[in-house]
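So that the names make sense, note that chain A is the first sequence line, chain B the second, and so on, each numbered from 1. Because the structure is a prediction, the values reported are computed rather than measured.
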Amino acid sequence: MRLKTFLTSFFISISIGFAQISGEDVIAKMMENPSPSDIKMNFKMTLFSNSKEKKNKKHFRLMEQIEKRYQDGEFKSKLLLRFIEPKEVRGLSLLNWSRIDQKNDDQWLYIPKLRKVKRIRPSEKSRKFQGTEFTYADFINRDIRLDNYSLIGEDIFRGNPCFLVEARSINPSSFEVRIFWIDKTYYLLRKIQYLNEDQENAKILEIFDYVKNNQYWTPTKKIMKNLLNGNSTELQVVDIEYDQGVKDEFFSEKYLKRF
Amino acid sequence: MKAQISVSGEINPYVMTRTTNSSQINLPFRLLSLDMGYSFEQFDLKTNSAIEHRIKTNKSQYDLRELYFAFYPEWGEVKLGKQIHSWGAADAINPTNNLNPYDYYYMFKVGAGTKVGVLSLSSTYYSDSFQIEIIVNPYFNKNRIPYDEDDFPLAPENEPEVRYVPEDEVEVGLRLQTTFNSSDISISFFSGNDRAPSLFTSIIPEPYSDISMNFGYRKTTMLGSDFVTFVGDFTVRAEGAIYNTKTPSIKDTGLGNNYFELREDVLYSQYVLQLEYTTQNDLMLSGQFIGNSIITEDRKWLKSGNEILSSSMIIPEFSPGMGTPFAMFSDKALLISSSGVLMDDQIDIQGSVMLNLENSGSFLSFGVGYSPVLNWKLEMATTQFSGNGKLQDPFTLMEEFSHVRIGLLYNF
């Protein structure tokens, strides 16, 4: 009887605890994880094709990413992406400035053969990045204020108990609904399920192998699977450095041409 | 920053076969292109060279296209040496980009590939709201024109005898660029000499005897502007320039008192308006309206330095000595281009159509590249010209140049 009372009270208190945490709370906890002020990273993107003609054929891109995040001011972040491989596009570089309001990003493209920096129309965030299953939005951190969050359940992903948080875009976008798997222990993002306008499961992003460098958790491997065509892209971090004191001037036309 | 050495390049053998009679077009091409650089702290040393090869004669020639030293202080950059500059917001057709002469052997290439490197000093100052660039070329440089090339129909048969080299060789360029509401706008200025020779003096020694003609390079100053902006899903790029070309005064023609001098003072313009759109599948579509026109002209023959009151001497048609080479094709043309990739970037396709809006005439270009293995590519392309039957029409002349090109590209 006492055991029964104890167990009942225990599960009620768990339920109350569960009922008290919201989707916003989980996201807030996730955002509390320390974030570096700048990142220098080399990564490899491997494209897997699942078409009949080239079943499981793959080819890859090797890229360099340098990003600086701002705590205040006009900009949210500045990002430089540069191709290292394939050699045909070596040196092709994209510079992106993200502003706080996410409305007026600035983008430039440097094409070595043209010797010219071209201002380009900021790519739609939902557009595929260079033929991969990742989008530009996946490289440019989305402002959390652009979505509404609600806790919709729990699940286990690769042995990690996770909260399931549904994110709905306040403004219409290609992916109106995303479902986040956020682990309960470290509040790290483990998986994202993307639903398209027709509420179909369109893509899944799975994040593997988190490694802690100093105080920062680094996902060293991500796989984006397109559920509609069977293709997938694997992003693997080759090396990464944090807080190198990257100067603001690095994210400029001058340095875009130099490297 | 650690010292870094970079080496990259491409090996690109190809053959061009005439579509009219399957004969081979024997023009030189860049068999090997090599970029090397050394970077340390704020300094760079960059080189760009090529091996130019001609299949018929099996001869190769080394071309040091660029060799320059660059310094990157906090405020900007300074470059000294043989280099290729690139101005203008539009793609491929750049009326404001006159710092370097054109290499007409490669006029259908893109970007720096069409240009001849020149010794120059350039400096750019970057601020938050603008950038300003100044370029000084201390020596005169001319276009590389394929004279006497049977396989290049537009080329003159003989290189004209240039009697009058520019006395003032120094050329200066200035460009100011600023941003307004996510749009870039620039104004530019250039003062230099024509890149192609024009007729300066003529001697008619005796009736019915050969006319002797002497050529030189006129002075031209350019005032230009370009901008890029975004309207909805479209990117709009525009570029235009006004040129003032004048025959310089000749102190001593060396021709005594019995010569005719063609004195020219011409104001002309070139412009391009480009509309660009990228589809959801990353297919890039671009349309360019290209135009050039003479605004005012004062062209006359002088006899021994004095104006001829009446003359039956024919004044040759004005030929611009600066600006985009495509101006020679038409005064008004439409160029539509498209490029995209398929099969996860293994296949790339490009196509262009140029339509002469003033007379009938066009060219069509289509190319496919297939990359079965990383860094290797098989290339196939065709360019077809169609003229209006008139002998001096550039499109008609270029019909003989219609060809298929097959090549191999290796990047390293």
If you measure from [atom1] on [X] to [atom2] on [Y], what distance do you get to the nearest 0.5 Å?
X: A:R119; Y: B:F230; atom1: CZ; atom2: CZ; result: 6.0 Å
X: A:I84; Y: B:S8; atom1: CD1; atom2: OG; result: 12.5 Å
X: A:K254; Y: B:Y72; atom1: NZ; atom2: OH; result: 8.5 Å

For [X], is it the side chain, the backbone, both, or neither that has a heavy atom closer than 4.5 Å to a heavy atom of chain A?
X: B:E66; answer: side chain
X: B:D282; answer: side chain
X: B:K377; answer: side chain
X: B:N94; answer: side chain
X: B:V341; answer: neither
X: B:D233; answer: both
X: B:T124; answer: neither

More than 12 heavy atoms of other residues, nucleotides or ligands under 6.0 Å from [atom1] of [X]: is that the case?
X: A:K68; atom1: NZ; result: yes
X: A:Q71; atom1: CD; result: no
X: B:D128; atom1: CG; result: no
X: A:D198; atom1: CG; result: yes

Taking the side chain as everything from C-beta on, heavy atoms only, tell me whether B:N375 gets closer than 4.5 Å to A:E88.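 Not in contact.
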Is any side-chain heavy atom of A:R121 closer than 4.5 Å to a side-chain heavy atom of B:E276?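 Result no, sub-4.5 Å side-chain heavy-atom pair not found.
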Verify, without hydrogens or angle tests, whether B:T235 (side chain) and A:I120 (backbone) share a donor-acceptor contact under 3.5 angstrom.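 Not confirmed, B:T235 side chain does not pair with A:I120 backbone.
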Sub-3.5 Å donor-acceptor pair from the side chain of A:K116 to the main-chain atoms of B:G88, do we have one?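 Such a contact is found between A:K116 side chain and B:G88 backbone.
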Of the backbone (N, CA, C, O) and the side chain (C-beta and beyond), which part of [X] lies under 4.5 Å from a heavy atom of chain B, both, or neither?
X: A:E249; result: side chain
X: A:W108; result: side chain
X: A:R115; result: both

Set out, in order, the CA-CA distance, both residues' side-chain angles and the distance that settles side chain to side chain contact (heavy atoms under 4.5 Å, CB included) for A:D106 and B:S182, then state yes or no. CA-CA 7 Å; A:D106 292 311; B:S182 295; 3.2 Å; yes
Begin with the C-alpha distance, continue with both residues' side-chain angles, and end with the deciding distance and a verdict on side chain to side chain contact (heavy atoms under 4.5 Å, CB included) for B:N411 and A:R90. CA-CA 9 Å; B:N411 288 97; A:R90 185 177 189 165; over 6 Å; no
Lys/Arg-Asp/Glu bridge criterion (N-O < 4.0 Å) met for A:K247, B:E74: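 B:E74 and A:K247: not salt-bridged.
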Does A:K118 come within less than 4.0 Å of B:D91, counting only side-chain N to carboxylate O?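 Salt bridge present between A:K118 and B:D91.
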On a heavy-atom basis, which atom in A:K257 and which in B:Y126 lie closest, and how many Å separate them?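 Where A:K257 meets B:Y126 most closely, the heavy atoms are NZ-OH, 3.3 Å.
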Restricting to non-hydrogen atoms, name the atom on A:R258 and the atom on B:Q42 that form the minimum distance, rounded to 0.1 Å.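 So the two residues come closest at NH2-C, 3.8 Å.
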Most chain A-contacting option - heavy-atom pairs closer than 4.5 Å, from B:V228, B:I84, B:T278: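 The answer is B:T278.
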